[in-house]
Number of protein chains: 2
Amino acid sequence: MQKNRSEKYNKILDSAGAVFAEFGFYKATISQIAAKAGVADGTLYLYFKNKDDILYQFINFKSQNVFEKMNAAVETGRNAESKLRNLIRCHLQEFQNDRNMAIIFQSEVRYLRDIEFQIKDISKMYLDLLSDIIEQGQVEGYMRQDLFVGLVKRFILGAVEGVIGTWVSADARYDLVAMADPLVDLYLVGVRGE
Amino acid sequence: MQKNRSEKYNKILDSAGAVFAEFGFYKATISQIAAKAGVADGTLYLYFKNKDDILYQFINFKSQNVFEKMNAAVETGRNAESKLRNLIRCHLQEFQNDRNMAIIFQSEVRYLRDIEFQIKDISKMYLDLLSDIIEQGQVEGYMRQDLFVGLVKRFILGAVEGVIGTWVSADARYDLVAMADPLVDLYLVGVRGE
DNA sequence: TTAAACAATGAATTATTATTCATTTGAGTG
DNA sequence: CACTCAAATGAATAATAATTCATTGTTTAA
């Protein structure tokens, strides 16, 4: 099994993403992935330990990439509000750009509880980003002092995921990123408004 | 295969719930479920068409029950705000009462996309409930007129699910229902506050 | 040119489990 | 007590698919 990212490694990972997204991890077969990647079944085992490992690498690779972008997006915000807006916009943008990833993150990440994954909490970094933003918002006097930060984080992440889930089930027929600002407005002022 | 709900049927469904929750649908085996129910493997097939059918019946049965309770909870609310509070409290209460159900709804419902399920959208009724509440809130002048109802529904449901998911991964170590009011406050006035 | 060394192949192996069904059990009945 | 009939059993079957590995193809470098 090779460690470095060869062209074939990427091809297989890509194909696996498509097949996992279409059939789900369990119904997806090694043969399907191999066929889509244009290689023999056995070849997958030169690049990956086993089927689980393919999913693991996929998620690992994608999260790495997305988290980098999210971090960068947050950095460019001056205050808590713009950081939050940038984060949510980036989140929606990245998932819109890669629907296979969106589907797999929505439906297969829960499977991880079965494997002893190094990724103890996929969303940990995300939640930490949110913590920082909320705390900054409080310091700025822009956000309420009495917020239960642990709850707020889940509230925010849950809602974005819900919105992405809907978009996925709707066959990605509308512009997901357009939801970013209305969504953030809901976070900020709620449904009751001023 | 029998249609009526015998004692054994319920016993099997219960055991299946426990096994699915612990191992996930795919890793769960018929033998495990049968053993837990104290019957022979073959017996399951007297009550259920196949393994898929067990999951299907489980989800069907549980949603039926929960939705009835949710409807009742909403009914008792006088205005939009109290209806929303009652709904969310009921939601959290029911999932707290039945952790296996919570786990399965969180992680396996996505699997349904693979089967041609009659339950086209498990959350449809829930979302309709929310629509009514929001519209009533607007009529009452209690909620903003410019809300994008489709988004608000997802926003609310997504956030509750996120909160439940966290509770599940935290091994149900705290009181989930206590999250209801703080959560509804977030829906109503957001993180920015007055 | 040749022979390591490496990469890829895909048929065969192996393991796992859902499902079946011939047989047994046991309750109810005349 | 026999006799039915429904219910339950669990060993045997069958199908699926992950994984292996002996073989084949392809570079590389001396």
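Predicted model, so just to flag it, every value in this text is computed and none were measured.
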Problem set entry | Distance, nearest 0.5 Å, that separates CG of B:Asp41 from OG of B:Ser31 | 3.5 Å
Would you mind reading off the distance between [X] atom [atom1] and [N] atom [atom2], rounded to a whole angstrom?
| X | N | atom1 | atom2 | result |
| --- | --- | --- | --- | --- |
| A:Lys8 | C:dT9 | NZ | C1' | 10 Å |
| A:Gln32 | D:dA18 | CD | C1' | 13 Å |
| B:Phe48 | C:dT20 | CZ | P | 15 Å |
| B:Leu44 | D:dG10 | CG | P | 12 Å |
| A:Asp52 | D:dA17 | CG | P | 16 Å |
| B:Glu7 | D:dA8 | CD | P | 11 Å |
| B:Phe20 | C:dA18 | CZ | C1' | 12 Å |
| B:Lys11 | D:dA8 | NZ | C1' | 15 Å |

Could you work out which one of [options] sits closest to the side chain of [X]?
| X | options | value |
| --- | --- | --- |
| B:Leu46 | C:dA18, D:dA8, C:dG10 | D:dA8 |
| B:Ile30 | D:dA18, C:dG10, C:dT19 | C:dT19 |
| A:Lys51 | C:dA8, D:dT9, D:dT19 | D:dT19 |
| A:Tyr45 | D:dT19, C:dA18, C:dT9 | D:dT19 |
| A:Asn50 | D:dT19, C:dA18, C:dA8 | D:dT19 |

Exercise. Using 4.0 Å as the upper bound for N to carboxylate O, is an ion pair formed by B:Asp128 and B:Lys153?
Worked result: no
Exercise. Which residue lies toward the 5' end of DNA chain D, A:Gly42 or B:Thr43, if each is placed at its nearest nucleotide?
Worked result: B:Thr43
Exercise. Below 4.0 angstrom from OP1 or OP2 of C:dA8, is there any side-chain N or O of A:Tyr47?
Worked result: yes
Exercise. Reckon A:Lys27 has a side-chain N or O less than 4.0 Å from the OP1 or OP2 of D:dA17?
Worked result: no
For this session: Look at the rings of B:Phe155 and A:Phe155 and say which category their plane angle falls in: under 30° parallel, 30 to 60° tilted, over 60° perpendicular.
Result: perpendicular
Problem set entry | Aromatic ring pairing B:Tyr26/A:Tyr26, orientation class (parallel under 30°, perpendicular over 60°, tilted between) | parallel
For this session: Cation-pi check, A:Lys51 to A:Phe25: give yes when NZ or CZ is under 6.0 Å from the six-membered ring centre and within 45° of the ring axis, no otherwise.
Result: yes
For this session: Using a 4.0 Å heavy-atom cut-off across all strands, classify A:Ala34 as base, sugar-phosphate, or nothing.
Result: nothing
